[in-house]
Novice: 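Structure in structure tokens, see below.
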Number of protein chains: 4
Amino acid sequence: MATTAAVRDDEPATKFAKDQLKSIIERIERLEEEKKAISDDIRDVYAESKGNGYDVKALRTIVRMRKQDPNERAEAETILETYMQALGML
Amino acid sequence: MATTAAVRDDEPATKFAKDQLKSIIERIERLEEEKKAISDDIRDVYAESKGNGYDVKALRTIVRMRKQDPNERAEAETILETYMQALGML
Amino acid sequence: MATTAAVRDDEPATKFAKDQLKSIIERIERLEEEKKAISDDIRDVYAESKGNGYDVKALRTIVRMRKQDPNERAEAETILETYMQALGML
Amino acid sequence: MATTAAVRDDEPATKFAKDQLKSIIERIERLEEEKKAISDDIRDVYAESKGNGYDVKALRTIVRMRKQDPNERAEAETILETYMQALGML
DNA sequence: ACTCCAATACTTTAGC
DNA sequence: GCTAAAGTATTGGAGT
């Protein structure tokens with residue numbers, strides 16, 4: 001295998017392989033840090049909104065609904081109502 | 001309430017309140033898009049690594065371990081060892 | 001500390017303490033086994049229902065809804081609709 | 001439609017279908033009650049242990065470890081150690 | 001298409 | 001009471 005060879009199996013643990021592994025891990029760690037920073041930002045927006053009197057749970061529901069495909073949502077709604085009907089919940 | 005008033009309670013649904021709500025939702029949606037982009041990047045790194053012969057599960061374990069170690073280890077370790085000792089797990 | 005003393009701190013690791021610790025762990029493990037068995041049963045019911053043509057997601061929603069307090073549910077619904085209204089989703 | 005037919009599609013909502021749906025929901029609800037009862041028991045054991053001076057967090061860790069060990073350890077361990085070796089974590 | 005597992009979101013509990 | 005942490009449940013993606 002030309003290009004690479006992994007840190008695996010019976011292969012000698014070459015310095016190159018080590019560096020490649022290290023590089024992978026560090027790339028992921030950097031990306032996860034960025035991801036965490038954004039998660040924190042999202043949390044902050046919700047917290048701030050709550051401070052301004054908004055209902056966080058409802059906000060989350062809105063965000064979730066807007067993400068869904070309108071068709072799928074309608075279809076799910078129909079089934080749900082059928083079941084609720086059958087159970088006397090409507 | 002001085003500054004604004006939310007879309008809530010018995011308050012008239014002012015255009016201002018609507019705009020504020022819309023703004024909150026859109027900020028969150030923008031952040032979630034960024035977050036998703038990064039999640040995809042992370043996924044890509046794993047997929048590419050797998051293509052180069054790495055064991056993805058092990059990579060994930062490494063990442064997790066490096067994240068957890070600095071935080072807790074030393075603290076819990078002591079009590080834990082006492083208990084493990086008592087249970088013959090050591 | 002009347003009755004016993006735990007496996008902790010500077011106390012000598014008495015045989016009694018060991019046995020008590022072991023007993024606690026085993027009680028929990030037994031309970032967790034039972035709990036897992038029930039979780040599996042629930043999973044089975046859903047799987048079987050799916051095989052009979054039911055929509056599992058909708059079934060889960062029904063179960064969740066029936067668990068909720070009707071008043072709270074109604075209230076949450078109201079807020080949600082206010083927000084949806086303000087965002088032109090209704 | 002020999003055996004049953006679910007509360008679904010264009011089918012007339014027969015009493016039978018309703019009963020079957022109701023039966024499914026109630027079976028799940030009963031199982032979830034049992035499950036909750038056991039969860040509560042587990043909680044009680046931890047609470048009682050805490051009252052006797054045990055460190056709950058450590059107890060949970062022990063339980064978790066004893067659960068995981070037999071399953072995976074040996075398998076993942078090998079690859080993992082190779083990687084950790086390469087990263088200077090060992 | 002279906003099963004399985006990892007990741008996310010939600011809920012509840014403990015601690016300040 | 002609120003923030004932080006755990007546990008639990010649901011969702012989404014990967015593999016077969």
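In this text, all values refer to a predicted model and were calculated from it rather than measured experimentally. Throughout, a chain's letter reflects where its sequence line sits, starting with A, and its residues are numbered from 1.
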Novice: Under 4.0 Å between a side-chain N or O of A/Arg60 and OP1 or OP2 of E/dC10?
Specialist: yes

Novice: In whole angstrom, what separates C/Glu72's CD from E/dT11's C1'?
Specialist: 13 Å

Novice: Checking contacts here: which listed nucleotide (F/dT10, E/dT13, E/dT11) is nearest the side-chain heavy atoms of D/Arg43?
Specialist: E/dT13

Novice: Of all the heavy-atom pairs spanning C/Leu90 and C/Glu81, show the shortest one and how long it is.
Specialist: CD1-O, 3.8 Å

Novice: Locate the shortest heavy-atom distance separating A/Leu80 from C/Ala58; write the atom from each residue and the value.
Specialist: CD1-O, 3.9 Å

Novice: Rounded to whole Å, please give me the gap between NZ in C/Lys57 and C1' in F/dA9.
Specialist: 12 Å

Novice: In whole angstrom, give the distance that lies between atom CG of D/Asp44 and atom C1' of E/dA14.
Specialist: 16 Å

Novice: At under 4.0 Å between heavy atoms, what does D/Lys50 touch on the DNA or RNA strands: base, sugar-phosphate, or nothing?
Specialist: sugar-phosphate

Novice: For B/Lys35, answer base if it contacts any base atom (sugar-phosphate contacts may also be present), sugar-phosphate if it contacts only those atoms, and nothing otherwise; contact means non-hydrogen atoms under 4.0 Å.
Specialist: sugar-phosphate

Novice: Tell me the interatomic distance from C/Ile38, atom CD1, to F/dA9, atom P, rounded to whole angstroms.
Specialist: 12 Å

Novice: Just how far, in rounded Å, is C1' of F/dT10 from NZ of C/Lys67?
Specialist: 12 Å

Novice: Can you figure out which of F/dG7, F/dT10, E/dA9 approaches the side chain of B/Glu32 most closely?
Specialist: E/dA9

Novice: Expressed in angstrom and rounded to an integer, what is the separation of D/Arg64 atom CZ from F/dA5 atom C1'?
Specialist: 13 Å

Novice: Examine distances only and state if a side-chain atom of A/Ser23 and a backbone atom of A/Asp19 form a donor-acceptor pair shorter than 3.5 Å.
Specialist: no

Novice: Output the rounded distance in Å from CG (D/Asp55) to P (F/dA6).
Specialist: 12 Å

Novice: Rounded to whole Å, how long is the line connecting atom CG of A/Asp40 with atom C1' of F/dT3?
Specialist: 14 Å

Novice: Within this structure, what is the CD1-CD distance for the pair A/Ile42 and B/Glu32, rounded to the nearest 0.5 Å?
Specialist: 4.5 Å

